[in-house]
Amino acid sequence: MNQNTLTARSLSMLQAVSALGTALGAAPRVIAECAGLRVVEEPFLQLASLRLSKKADRSSALGALPFDLPSTPNGWTGSAELSLARFEPNAWMLISIATRSLPESQGPWLVTDLSSRLASFRLQGARAPAVLASATSVTLPPAGFTRTLFAETTPVLLQRLGDNEYRLLIDVSLAEYLSSWLADASQMTVPGK
């Protein structure tokens, strides 16, 4: 098996439990749920970095992939279930809730599987923007995706999925910290407190 191709079986062997201990196939772990806000761990996303060599002819290299890549910096295309986000001038991230075959690292492309390196959290509801505003100064447009600092200390990738829906990708070693921070913030941003 190519190191960049991840089958459902190898995914289950690599990640029998998520960064917070959620078993493969289990419902997402609820971090916080209160009026206007739901925060869950989104276990077992398939994540891959697709990097294009600076020397490559961009138009022919992009045509070789079976994806429509976003051309806008800090943008993404697709849906919450399958998206491609541009996070650097010559790099995109594949984000999928289902296991897919990844393109081969060959020619102009370097493909790196990041599935076991990043934990994912989903913030949903009318209070989600307030929670994020208490943690970061970034205001994302619709279909926005960026790398930023969360709580002024923790590097995260932030994806705006909708008006009041966001995905946070963070190093697995910091997942417990972010989970606790989000649980605390959900209580502190309650209107009237």
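Side chains included, hydrogens not; waters and symmetry mates left out as well; all remaining heavy atoms used. Everything numeric here is computed off the predicted structure, so don't read it as measured data.
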task = With the side chain counted from C-beta on, respond yes when L84 and L50 share a heavy-atom pair under 4.5 Å apart, and no when they do not.
result = yes

request  = Would you indicate whether the side-chain heavy atoms of Y177 and D171 approach each other to under 4.5 Å?
outcome  = no

message = Run V172 and R117 through side-chain contact (heavy atoms from CB on, under 4.5 Å) and show every step you take.
response = CA-CA 6 Å; V172 292; R117 296 182 194 172; 5.7 Å; no

query = Is Y166 reachable from L37 through a run of hydrophobic residues whose side-chain heavy atoms are each under 4.5 Å from the next?
reply = yes

ask   = Quick one: does L168's side chain get under 4.5 Å of L178's, heavy atoms only?
value = yes

key: Minimum side-chain heavy-atom gap S179-R29 below 4.5 Å   = no

ask   = Quick one: do F150 and F121 end up in the same hydrophobic cluster if we chain Ile, Leu, Val, Met, Phe, Trp and Tyr together by side-chain heavy atoms under 4.5 Å apart?
value = yes

inquiry  = What I'd like to find out is whether the side chain of V156 reaches to under 4.5 Å of the side chain of T136, using heavy atoms alone.
reply    = no

ask   = Does a side chain donor of either S96 or Q46 reach within less than 3.5 Å of an acceptor in the other side chain?
value = no

inquiry  = To the closest 0.5 Å, what do you measure between CH2 (W76) and CE (M93)?
reply    = 14.0 Å

query = side-chain hydrogen bond (donor to acceptor under 3.5 Å, both in side chains) with R122: which of E42, Q159, E41?
reply = E42

Candidate pair L158 and L132, rule side-chain contact (heavy atoms from CB on, under 4.5 Å), full reasoning = CA-CA 10 Å; L158 175 62; L132 287 176; 4.1 Å; yes

key: A80 backbone acceptor or donor facing S83 side chain under 3.5 Å   = no

inquiry  = As an exercise, state the distance from CZ of R167 to CG of L123, rounded to the nearest 0.5 Å.
reply    = 11.5 Å

request  = Side-chain contact test, heavy atoms from C-beta onward, threshold under 4.5 Å: evaluate it for L114 versus L169 and give yes or no.
outcome  = no

note = When rounded to the nearest 0.5 Å, the distance separating CD of Q187 from CG of L182 is 12.0 Å

